[in-house]
Protein chains: 2
Amino acid sequence: MPLDKNHPLFEHLPLGRLMGKITKKYFGALSKKLDHLGIDRHFSPLIVIAETKEKCTQQYLSDMLNIDKVSMVRILDYLVKHGLIIRAVNPADRREHILQLTPKAKKIMPKILSGISDMNKTALKGLDKNEQALLYKFIETITKNVENLPGKKVDIKIKQ
Amino acid sequence: MPLDKNHPLFEHLPLGRLMGKITKKYFGALSKKLDHLGIDRHFSPLIVIAETKEKCTQQYLSDMLNIDKVSMVRILDYLVKHGLIIRAVNPADRREHILQLTPKAKKIMPKILSGISDMNKTALKGLDKNEQALLYKFIETITKNVENLPGKKVDIKIKQ
DNA sequence: TAAAATTAGTTATCAATGTTAACTGTTACT
DNA sequence: AGTAACAGTTAACATTGATAACTAATTTTA
């Protein structure tokens, strides 16, 4: 049965599903595009670290990207293993690890950024500058709307 | 360190990441909201099946929702196990399974649809009707833009 | 029309990620 | 000083995604 792109169910699906579909395709293509840099995922943490100079902790990354801190440990292990970041204990608060890019990461960051920029351009083809700005505004609004919804995750209890 | 929502890095992140964050929060909240119906995920296939009366195959579902057919088998197993759908061999092409909603599913569909509608309303709060229509138009455009990008997935070879 | 290729769906395996719990070490609160 | 809270880690398990190999049915093609 052929796929009917104009089927009316498009608007009846959960908004999250529509975005999830885009997300999956987007990262599949981005991953392939940047594979040759020796890193095929976890680009976002690098960008956050780069832009949050000298102040980026793991907790901050988790909050910014909405990735739980346990998964974040594994992601950062991956980035450390690939020689892209280092963890340094914060002298001001020895619980925290300040994350920093290695020289190797700094070297390939321009390529990563331009790869992402190209992907964004591809994804947004057909939208003019005004429409693109509007889309980002919408995304920001929606992000804030869903940010504090009660989810399924339960607070972890500390047992003494 | 407090989370700065107005940090400029927002626009430097991959578009897929921004949407992925929304997706995660959205489904976390939706899952909690509809938990009492005895189904906490996989709402989208039900909607596609309901709207594609008598003609919905597994392959069609995979294409519509961009979920690979192997995962789709598991998702449909879940829905069958929960008594929400049945698989019926298509007499016209005995390779295909036509998916149908059970009476139980038909009964709770209105609640699922209104739950999704409420979630969409919550997510889109602050956007007027025009803006919402514009957002859907943008999503449709972006979906088409990324649909046929070369991803990481490789065609499965058939060994004889 | 018989052989070959394709299609729909399944099972198995492994990798990546999400979730929950329990833990260490550090800092803040009272 | 004792308790609570916080940042990060480890472990165990569930879910999902990717790849390969397979069966059965259908279509292509030589």
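Lettering of chains follows the sequences in order, A, B, ..., and the numbering in each one begins at 1.
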Any side-chain N or O of [X] less than 4.0 Å from the OP1 or OP2 oxygen of [N]?
{"X": "Arg41(A)", "N": "dA16(C)", "value": "yes"}
{"X": "Gln58(B)", "N": "dT7(C)", "value": "no"}
{"X": "His42(B)", "N": "dT16(D)", "value": "yes"}
{"X": "Lys24(A)", "N": "dG17(D)", "value": "yes"}
{"X": "Arg87(B)", "N": "dT10(C)", "value": "yes"}

For [X] and [N], what is the distance between atoms [atom1] and [atom2] respectively, to the nearest whole Å?
{"X": "Lys25(B)", "N": "dG18(C)", "atom1": "NZ", "atom2": "C1'", "value": "14 Å"}
{"X": "Asp77(B)", "N": "dG9(C)", "atom1": "CG", "atom2": "C1'", "value": "11 Å"}
{"X": "Asp93(B)", "N": "dT27(D)", "atom1": "CG", "atom2": "P", "value": "6 Å"}
{"X": "Ile67(B)", "N": "dT15(D)", "atom1": "CD1", "atom2": "C1'", "value": "13 Å"}
{"X": "Asn90(A)", "N": "dG8(D)", "atom1": "CG", "atom2": "P", "value": "9 Å"}
{"X": "Asp68(B)", "N": "dA20(D)", "atom1": "CG", "atom2": "C1'", "value": "13 Å"}
{"X": "Leu61(B)", "N": "dT10(C)", "atom1": "CG", "atom2": "C1'", "value": "16 Å"}
{"X": "Leu99(A)", "N": "dG8(D)", "atom1": "CG", "atom2": "C1'", "value": "11 Å"}

Report the residue from Arg95(B), Glu96(B), His97(B), Lys55(B) that forms a side-chain hydrogen bond (donor to acceptor under 3.5 Å, both in side chains) with Asn90(B).
Glu96(B)
Does either side chain, that of Asn120(A) or that of Ser117(A), offer a donor lying less than 3.5 Å from an acceptor on the other one?
no
For the residue pair Asp40(B) / Tyr78(B), report whether a side-chain donor-acceptor contact shorter than 3.5 Å exists.
yes
Counting the atoms with a prime plus P, OP1 and OP2 as sugar-phosphate, which does Arg74(A) contact under 4.0 Å by heavy atoms, base, sugar-phosphate, or nothing?
base
Between Ser71(A) and His97(B), name the one whose nearest nucleotide on DNA chain C is closer to the 5' end.
His97(B)
For Ile67(B), is there any backbone N or O sitting under 3.5 Å from a side-chain donor or acceptor partner on Ser62(B)?
yes
Counting heavy atoms from C-beta on, name the nucleotide in dT11(C), dA7(D), dG9(C) closest to the side chain of Thr57(B).
dG9(C)
Testing dA18(D), dT27(D), dG8(D) for proximity to the side chain of Arg95(B), the answer is dT27(D)
Taking all atoms of both residues into account, what is the closest heavy-atom pair of Val80(B) and Arg87(B), and its distance?
CG2-NH1, 3.9 Å
